[in-house]
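What follows is a single structure, written as structure tokens, with notes after it.
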Amino acid sequence: MQVDVRQGRVETEVAEALVLTHCEGEVLSKHDASLDRTLGGTLRELVRSKEFEGKANEVVLLHSQGKIPAKRVVLVGLGKKKDLGLDQIRQAMGHAAKRVRQAKACSFTAILPTVMPRSASAVEVAQAMAEGAILGSYQFTVYRSEKSGTKYVSTMTLLTSQKGQLRQLAEGIRRGVATAEATVLVRDLCNHPSNVMTPTKMANEAKAIARETGVSLKILEQREMEDLGMGALLGVAKGSHESPKFIILKYHGSKKKDDPPVVLVGKTITFDSGGISLKPAENMEQMKADMTGGAEVLAAMRAVARLRLPVNLFSILPAAENMPGSRAMRPGDIVRTLSGKTVEVQNTDAEGRLILSDGLSYATQFKPAALIDVATLTGACVVALGQFAIGMLGTDAKLKESLRKAGLRAGERVWEMPLWDEYFEQLRSDVADMRNIGGRGGGMITAAVFLSKFVGDCPWVHLDIASTDWSERERAYIPKGPTGIGTRLLIQYLIDRVL
Ligand code: BES
Ligand code: ZN
Ligand code: ZN
């Protein structure tokens, strides 16, 4: 979707649809009231009769019948003024974009909300509007033969009456388009089935992004992983015919090339059958999205490079498929990780922490200013947090606080769980340095404590996105299926860090 900004007046705007937002229980603003007079009082009547109250998720479309140059007016609710935040704006624009598409229109003009969320800048509001419209319009139709029913809204214009706001709004749009398109990329990569989205395909996606943005790319093949001693990643990959890939992208945006980088590591299991510890059949198809973490660090890399953020950023994707097979890892097998530590694999379905252990060890050589891993790691995360919070555990209080704030701003919130070393008791093995499962209780925590043994003394945070990566229902700007949640959190963290 193309998003731009223009200074102008609602009454003279030529558009297929004009989108106006309205808070619950408020009277029409000065601007809306003057538009309403031109329209012959319809807006006031809708509000007065409570056919439109301004509640969140409420949308009404009316035809202007030639009274103004814009063909249609779409009213969307923002909910109560006291609860107004950036996410209410994102949601309203998500609903608006869908309504415009239903009306078979392919472009619209959105008016800046007359009430602004407290402590939000014009940049942030414009960013949220672009995000809501782009993310709300998302559809995945690659594998549908019948494409005639799928319409696309191709353009949104933000309209402001104040010339002085134009630059800020344009900057917000620039950020919003980059972050939303990153989420769209993640959703696409996750929607592709695992017979297409293999580790090799992920490597090719990384190549395409490196070519587009000019970031540097290195892909380690199986032989090189063997030479380095990545026994944990190789152990997971052994049961599959798909060759594993270890993908490293580097972007140097800092003034100083040797500034310590932020390093992102994303779990990239292109299908998680569980391996020999096979998963039950129910919902197993959702495990095609077990590469969400990898897709997110890849997409964040593309967004940061597109925005030319002044930061050094590295993204690492350990990629493999977890399958049962005659060469597959068995429960009880012991692998030697890149760090030299040995792990007894008591459950082959706890494969994410295995590939991440090698990914994180590899990352420590860069002496990161911040090390963040993102992973659909545990079912326990889903049990603990449900679908509205990302699990966060880590060693660095400042990094955790920055991620918490970025999450609030992005509408992709994190919730902290304890990372106490007492939990390591559950990971002790009789025969190796540790085992890969922690038994009953605190599954999200023991998984993170396992990872903590591979990060050295780097400031590190682990994000468990198993709770949020897949949505059971469609929401304002979140589709049913892969959500891409976590992507905008990462990019917002990087924006906040340097802009
Ligand atoms: N990919 C799964 C975790 C998962 C579950 C993600 C549900 C999204 C939704 C992970 O590899 C896994 O299977 N974890 C096991 C670990 C257990 C064997 C210790 C789990 O959580 O059941
Ligand atoms: Zn698993
Ligand atoms: Zn998994």
Side-chain angles (χ1 to χ4, degrees), residues 186 190 194 197 199 202 232-233 235-240 242 244 265-296 317-324 328-333 343-359 373-391 393 417 423-424 426-427 429 434-451 462-472 481-486:
V186 173
C190 296
S194 302
M197 197 48 63
M202 283 299 279
L233 170 51
V236 173
K238 266 170 61 187
S240 170
E242 295 295 337
V265 182
K267 170 177 172 182
T268 315
I269 291 291
T270 59
F271 187 71
D272 183 10
S273 69
I276 296 296
S277 315
L278 195 64
K279 285 185 180 294
E282 202 188 343
N283 295 335
M284 205 207 271
E285 73 286 351
Q286 294 182 6
M287 286 301 124
K288 69 175 181 177
D290 211 22
M291 31 56 74
T292 306
E296 294 193 352
L317 293 78
E321 187 183 44
N322 188 22
M323 294 289 266
M329 203 162 53
R330 294 146 286 245
D333 282 4
V343 177
E344 181 189 1
V345 180
Q346 286 192 351
N347 189 317
T348 63
D349 196 12
E351 83 298 340
R353 63 197 75 181
L354 293 173
I355 65 162
L356 284 173
S357 68
D358 283 346
D373 78 77
V374 198
T376 45
L377 204 62
T378 64
C381 172
V382 190
V383 174
L385 295 176
Q387 35 173 341
F388 299 112
I390 292 169
L393 306 96
M417 299 292 274
Y423 289 95
F424 186 71
Q426 290 175 235
L427 289 167
S429 159
M434 63 189 93
R435 57 176 190 156
N436 76 331
I437 51 171
R440 283 185 71 82
M444 172 169 28
I445 301 169
T446 49
V449 169
F450 181 95
L451 298 179
H462 159 64
L463 299 172
D464 195 334
I465 52 167
S467 45
T468 53
D469 82 296
W470 191 284
S471 178
E472 291 301 332
T483 62
I485 291 173

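Ligands are counted one by one from 1 in listed order, and the atoms in each one are counted from 1 as well.
How far CD of Glu321 is from NZ of Lys288: 14.0 Å, rounded to the nearest 0.5 Å. Between the NZ atom of Lys267 and the CG atom of Asp464 there is a distance of 8.5 Å, given to the nearest 0.5 Å. Thr468 OG1 to Gln387 CD: the interatomic distance, rounded to the nearest 0.5 Å, is 10.0 Å. Atom CD of Gln346 is separated from atom CG of Asp333 by 11.5 Å, given to the nearest 0.5 angstrom.
Here is the list of ligand 1 atoms found below 4.0 Å of a heavy atom in Lys279: 2 (C), 12 (C), 13 (O). The contact set between ligand 1 and Asn347, taken as ligand atoms under 4.0 Å from a residue heavy atom, comprises 18 (C). The ligand atoms of ligand 1 that sit less than 4.0 angstrom from a heavy atom of Ile437 are 19 (C). Atoms of ligand 1 found under 4.0 Å from any heavy atom of Glu351, numbered from 1 in the order shown, are 11 (O). The ligand atoms of ligand 1 that sit less than 4.0 angstrom from a heavy atom of Lys267 are 1 (N), 10 (C), 11 (O). Short contacts between ligand 1 and Thr376, defined as distances under 4.0 Å to a heavy atom of the residue, involve ligand atoms 1 (N), 2 (C), 3 (C), 6 (C). Near Ala466, with a cut-off below 4.0 Å to any heavy atom, the atoms of ligand 1 are 6 (C), 8 (C).
The nearest pair of heavy atoms linking Cys190 to Ala289 is CB-CB, 4.2 Å. Annotation for Asp373 and His462: closest pair OD1-ND1, 2.6 Å, computed over non-hydrogen atoms. Of all the heavy atoms in Ala232 and Leu354, the pair that sits closest is CB-O, 3.3 Å.
Ranking the protein heavy atoms by distance from atom 12 (C) of ligand 1 puts Asp349 O, 3.2 Å first. Remark: minimum distance from atom 22 (O) of ligand 1 to any protein heavy atom is reached at Gly379 N, 4.4 Å. Nearest protein neighbour of atom 1 (N) of ligand 1, counting heavy atoms only, is Asp290 OD1, 2.9 Å. Summary of contacts: the protein heavy atom closest to atom 9 (C) of ligand 1 is Met287 CE, 3.6 Å. Of the protein's non-hydrogen atoms, the one nearest atom 2 (C) of ligand 1 is Asp272 OD2, 3.6 Å.
Summary: OE2 is the N/O/S atom of Glu351 found nearest to the Zn ion (ligand 3). Distances from the Zn ion (ligand 3) to each N, O or S atom of Asp290 single out OD2 as the nearest.
Residue Thr378 places no N or O, backbone or side chain, under 3.5 Å from any N or O of ligand 1. Residue-to-ligand polar distances keep Arg353 apart from ligand 1: every N/O pair is separated by 3.5 Å or more.
Under a 4.0 Å heavy-atom criterion, Met444 is not in contact with ligand 1. Contact between Gln286 and ligand 1 is absent, with no heavy atom of the residue lying under 4.0 Å from the ligand.
Between the Thr483 side chain and the Asp469 main chain, a donor and an acceptor come within less than 3.5 Å of each other. Here the side chain of Ser273 pairs no donor or acceptor atom with the backbone of Phe271 at under 3.5 angstrom. Looking at Ser240, its side chain never comes within 3.5 Å of a backbone N or O of Met323 through a donor-acceptor pair. No side-chain donor-acceptor contact under 3.5 Å links Thr268 to the backbone of Ala319. Between the side chain of Asn436 and the main chain of Asn347, a donor-acceptor pair closer than 3.5 Å is present. Using a distance-only test at 3.5 Å, with no hydrogens or angles considered, a donor-acceptor pair links the side chain of Arg435 to the main chain of Gln426.
Using a 4.0 Å cut-off between heavy atoms, Leu377 contacts ligand 1 through its backbone alone, with no side-chain atom that close.
Between the Zn ion (ligand 3) and Asp272 there is an N/O/S contact shorter than 2.8 Å. Among the atoms of Lys267, an N, O or S atom falls under 2.8 Å of the Zn ion (ligand 3).
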